[in-house]
Amino acid sequence: MSGFAGFVTRRLLATVVTLLAVSVIVYVVFYVTPGDVAQITCGPRCSPEQVRQVAGQLHLDDPLYVRYWHFLQGLVAGQDYSTGTSVAHCPAPCLGLSYQSDQQVTDLILTKLPVSLSLVLGAMVLWLILGVGTGVLSAWRRGRLSERVLTAITLAGTATPVFVIGLVLMIVVCGELELLPFPQYVAFTDDPEQWAWNLLLPWLSLALIEAAAFARLTRAAMLETLAEDHIRTFRAYGVSERAVIGRHALRGALAPVIALNANNVGSAVGGAVLTETLFGLPGIGQELVHAVRVVDLPVVVGMVLVIGFFVVLANAVADVLYAVADRRVVLV
Amino acid sequence: MSETLTASGTAGTDPTVPAVPGARRFWRRLREQRAALVAAVVVALLVLVALAAPLLTALEGQDPTTYHPTLVDSARGGVPVGPLGGISGDHWLGLEPQTGRDLFARLVYGARVSLGVALTATLLQTSLGVLMGVAAALGNRWVDQVLSRLTDIIVALPLMIMALALLAVVPSGFPRPLLVTLVLGLIGWGNIAKISRAQTLALKNLDHVSAARLSGWNTWHIARRELLPGLAAPVLTYAALLVPMNISAEAALSFLGVGVKPPTPSWGQMLTAANVWYQAAPQYLLLPAGALFVTVLAMTVLGDGVRTALDPRAASRLRVGTTREGGSA
Amino acid sequence: MTGGVRPRREAGAADRDSGDLANPGSLVEVAGLGVEFGDVRAVDDVSFRLAPGAALALVGESGSGKSTAASTLLGLHRGTGARVTGTVRVAGVDVQRASEEELRRLRGAKAAMVFQDPLSSLDPYYAVGDQIAEVYRVHARVSRRAARARAVEVLDRVGIPDAVRRSRSRPHEFSGGMRQRALIAMALACGPELLIADEPTTALDVTVQAQILDLLHTLRAETGMGLLLVTHDVGVAAESVDDVLVVRGGRIVEEGPVTRVLSAPREPYTRRLLSAVPRVDAAHPAAPAGGTEGTGRRDVVLEARGLRREFGRGKQAVTAVDDVSVTVRRGETLGIVGESGSGKTTLGRMLVGLLRPTAGEILLEGRAHRGVDPAVQMVFQDPVSSLNPRRSVGEAIADPLRARGEKDDKAVHVRVTELLERVGLDAAHHDRYPHEFSGGQRQRVGIARALAADPRVIVCDEPVSALDVTTQAQVVALLGELQRELGLALVFVAHDLAVVRQVSDRVAVMRRGRIVEEGPADQVYESPRDPYTRQLLAAVPSLDPHTAAERRAARRALTAA
């Protein structure tokens, strides 16, 4: 077991290193790019004098490594900002202040985070159930008409962009059939039932595409397992087809499904941005799109880092789960 | 087939297998799949439409950017005048609400942007990925470590988020379609690099590569002649899946208003605008949505076909999958 | 080839068919069995019978249809698209007509099967004990706990030490031999009347093979179950069965008691097959002229001193080769023999310069030799991966010439044609691609490519282990000819003791990265000094059933000692 504990430790250390590297890359890329941040922040009518003043306020004149160092300091120890007249303190995990609203980026993210987490986690449950279920079903019914229908549906699913599905769902379900009201975010803590009803469509539009990918993968992995030698062994010993599929073929698909889930957290986060924008959910994605439009760099950088943090973390967790699921993996 | 072959008894060889194993066999296997064939025809048509966009619009007598304020009913908020959203002999697919721009022209020019961006980005991702992967596999431990970590990080970063954020900081003077292409290309090469590295490592240990080393060839010669052809199959397979992903990504970015910006037409951007017009001018929404769906579907099916044609093991697995143990259950 | 056999066979089969109906005591009755996959007739009119408790072997080379025939006994062909004709009765069940349910009751309970590759034949994700218990519960209505107890019982029975604990391990935590024991335990679990063993020892080392064959022998004596053994190895059959069927191209060529068939084969094919089998007890064919006189230092072509190779670093480092020194002289063959993991392949790759030694040095004709050198070539084991599928064999053979800088296409073509003909291939095959050749022909191409470099030494890494025994004999003969003709020094790396004896002047026996014994071939094989060499030699199956029995006794004595 010490080998396993060691593996987990090494994996966590690697995660920390990756996160640091991500922060450097993101920071450098965003603050080195040629856009004139001071001019944009100040507005098109600012005089060169005013622009210089803004640049001074935002420390845009300091060398890059100094600014990155300040940024790291803020992240670990917090930081004080002078906003012209008063001094604002930004406590420990400080990601800076918004150029636009002077709001602390950390606070901004914290208020938006529950919405995005609700969306992504709920959709994940949905896509795992739908996707793996469909995959198992089509592996079990292989060669039949029902399998071909399922294959066609999943293919159409993978081919439809998230926002097209979401748009169609919203127009049909809320607009034409009026089965549901247009989604409005309600916090889970306020009313769990309303929370779920309002998130139903966003969940579906985010989950359907991912589910299609999982269905294809599960089916392929199960068919691959079914072609392996050990399946022949169990058939040669009179084990029923149901047990062969449900016990042995499904177990073989577990590890690839875990790996895909980690891989797809990133693409799902991208999908969440679209879903939030489309349904008007006040989550991180919507805020990020807004910040991008107005070039509010601290907000953009902060959000990209937070999202990167979650994705890298999800990958690390998946790696550990993968190692548990497939003990043949060499633990290095 | 010459007499000497049959006489000398090359037992177990299939005379239908052509003498050149690579390309021709690939085409034959691809042609055997009906769905892939249909998809290939659709893709070919789409490419043709994109290439011939100026010709087609000239035929119609329109262009994608001219406003037709007289053809929209400003009293009703800008709904196109005439039946079915303004479809007529002059405007084959009707008009855009409010502006009155020609929808057919915008759609075919949209195909140009969509396919152009996606294909170029795929080319960029593939070349970068292969370069990184092969360099990591053939380089020393140190090179491998650095490149592999870099690849891990690139793969971990969510593509949409990074693209979104990067598009924010580049000055607006930069041509947007080119920018979207570059951004997608520069951050989407991670998986190709991983595949190339793994495949190169596997190939490197094959005996025929060792034999080439024993013959006295240098590393560059071996990489070019023994390794790169072996990389083609897995890399092409993944690249074929990248194309529809890039089409979706460009459409999504344009949909969010940070990709291709007006007046350049793009399907994703049309969808954003059409969002609020679905009742008054349904085809404004349905046309770009349909175009996207058909394009991505055709590209995905073609990608599947390419994979089946390149990986006979997958193909035989699919065939195994269609037979059931004991049909009576 | 089969033409002369047919009439006699048909008469025999007809007699037997009528006899079978009158004799319900047979465990297995196969009559007129045919199996077709599409246009390919894999099995053609095969008939045989197996009495309860008897042992029969199906012996044949690859593609002879022996495994296909065996798998129809359990109805495993169902759903694969194979067309099966004739009748198959196993333990009273008509396999062709049986319902799915009847078939399931037959499989495992009355007739159990043991497969070739024990690692892939077990589910990697579940504990071995659980897998046996699962199979047991299909046929016996018992609790989970009772099934687990049964699993431990049979694991103990097949000689797995500490069976209670080991039953909780997964297959990859077992060694190859232990896995095959576990698979046999699974077969034993339901107390079947018939055991079908499909190449049960092919994936195993020779000493482990001997243990498994001894185990099968013991179990059969104790339980009285019948055995149908499918094998390509005549020696394995000689060790294990009473009767033997020789199959070729889906048809039975010859059948009879194993002693009779092996000592006095009637059919030309059987004779050819038996004469191709290398004998471990046959003395080395007359040493080539000059082979023995070349003992002076002057003739040493390749010399390795204190070679050592480690893989991995730090605590995980494994030493594959440890302080090995060898010399090869002009015109001489050095055999290097060892089981899997002995380091013989690593040594071979270091000798040609494909692997860098961690320590030690290699001298080529007295000069230090680092990295690859055209004078030292290699013939590889796998006829598939050793040729680039995208390049014609002509291009492959021309490779060393072009690498040397030969620009004259005409000269290259002439030389390649010459080499093709020298290794016994048609010069017209110059532009053909590897997939158009059989395994033996591809090995010939590999030899021609090695020769193109005008080498002084060729290291052959298991050059014939992927080939059928008749092809094997031809390739070995070719290597011998070339050596005599060109005065080459050969290093012949192999696991097969008999093949190594057949080709080598001197032999080095490797174990765990070290050479445990080295000397002239006849001396090592006739009077081995090292106990490990003795153990290896005692494990080699003998073609003579009487010798096999003696050897079995000797092995018992060795393990008891």
Side-chain angles (χ1 to χ4, degrees), chain A residues 14 17-18 21-22 25-26 29-31 33-37 139 142-143 155-156 158-164 167-168 171 175 219-220 223-224 226-227 235 240-241 244 263 265-271 273-274 277-278 285 288-289 291-293 295 297 300-301 303-304 307-308 311-312 315, chain B residues 35 149-150 152-172 174 191 244-245 247-249 251-252 255-258 268 271-272 274-275 278-279 285 288-289 292-301 304 314 316-318 320-326 329:
Chain A
V17 173
T18 309
V22 168
I25 291 175
V26 169
V29 165
F30 285 107
Y31 285 99
T33 41
D36 191 343
V37 178
R142 63 194 183 278
L155 192 62
T158 43
T160 323
V162 181
F163 53 98
V164 173
L167 213 56
V168 170
I171 288 169
R219 174 176 175 278
L223 290 184
E224 196 158 332
L226 281 173
R235 284 181 179 152
S240 68
E241 188 68 8
V244 164
N263 214 347
V265 166
S267 75
V269 168
V273 174
L274 290 162
T277 312
L278 187 65
L288 177 62
V289 173
V292 164
R293 287 208 184 113
V295 201
L297 280 187
V300 173
V301 170
M303 291 202 161
V304 170
I307 292 170
V311 173
V312 171
N315 272 301
Chain B
R149 286 291 84 73
L150 187 66
D152 281 349
I153 291 167
I154 279 286
V155 170
L157 291 176
L159 181 113
M160 270 293 294
I161 304 293
M162 284 305 285
L164 194 59
L166 277 174
L167 288 170
V169 292
V170 177
S172 49
F174 209 88
N191 280 326
M245 276 160 72
I247 291 178
S248 291
F255 178 78
L256 290 174
V258 292
L271 278 172
T272 320
N275 200 350
Y278 72 90
Q279 270 172 323
L285 182 75
L292 255 178
F293 178 74
V294 169
T295 310
V296 178
L297 185 66
M299 290 285 190
T300 311
V301 172
D304 275 4
S316 70
R317 187 163 64 235
L318 293 178
V320 165
T322 56
T323 61
R324 267 171 63 85
E325 216 269 333

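Since we're looking at a predicted model, the values are computed, not measured. Quick note on labels: first sequence line is chain A, next is B, and so on, each numbered from 1.
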Looking only at heavy atoms, which two atoms of A:P161 and B:L292 are closest? And how far apart? CG-CD1, 4.2 Å
Who among A:V300, A:V289, A:L274, A:T277 has the most heavy-atom pairs with chain B under 4.5 Å? A:L274
Quick check for you: among B:A289, B:A251, B:S248, which has the greatest number of heavy-atom pairs under 4.5 Å with chain A? B:A251
Identify the heavy atoms of B:A249 and B:L159 that sit nearest to each other, and give their distance. CB-CD2, 4.3 Å
Heavy atoms only, distances under 4.5 angstrom: which of B:L164, B:V294, B:T272 has the most pairs with chain A? Name it, please. B:L164
Chain A contacts, top residue of B:I161, B:L271, B:T300 (heavy-atom pairs, under 4.5 Å): B:I161
Side chains of B:L256 and A:F163: closer than 4.5 Å at any heavy-atom pair? no
Is the shortest side-chain heavy-atom distance between A:V304 and B:M162 below 4.5 Å? yes
If you tally heavy-atom pairs under 4.5 Å between each of A:N315, A:L155, A:V22, A:T18 and chain B, the highest tally belongs to A:L155
Scanning both residues in full, the closest heavy-atom pair of B:M160 with A:G270 reads CB-CA, 3.6 Å
Proximal component of B:I247, with respect to chain A [non-hydrogen, under 4.5 Å]: neither
Of all pairs that satisfy side-chain hydrogen bond (donor to acceptor under 3.5 Å, both in side chains), the ones with a partner from residues 152-168 of chain B, not counting sequence neighbours: B:R149-B:D152
Could you tell me which portion of A:A291 (side chain, backbone, both or neither) has an atom closer than 4.5 angstrom to a non-hydrogen atom of chain B? neither
What part of A:I307 lies closer than 4.5 angstrom to a heavy atom of chain B: side chain, backbone, both or neither? side chain
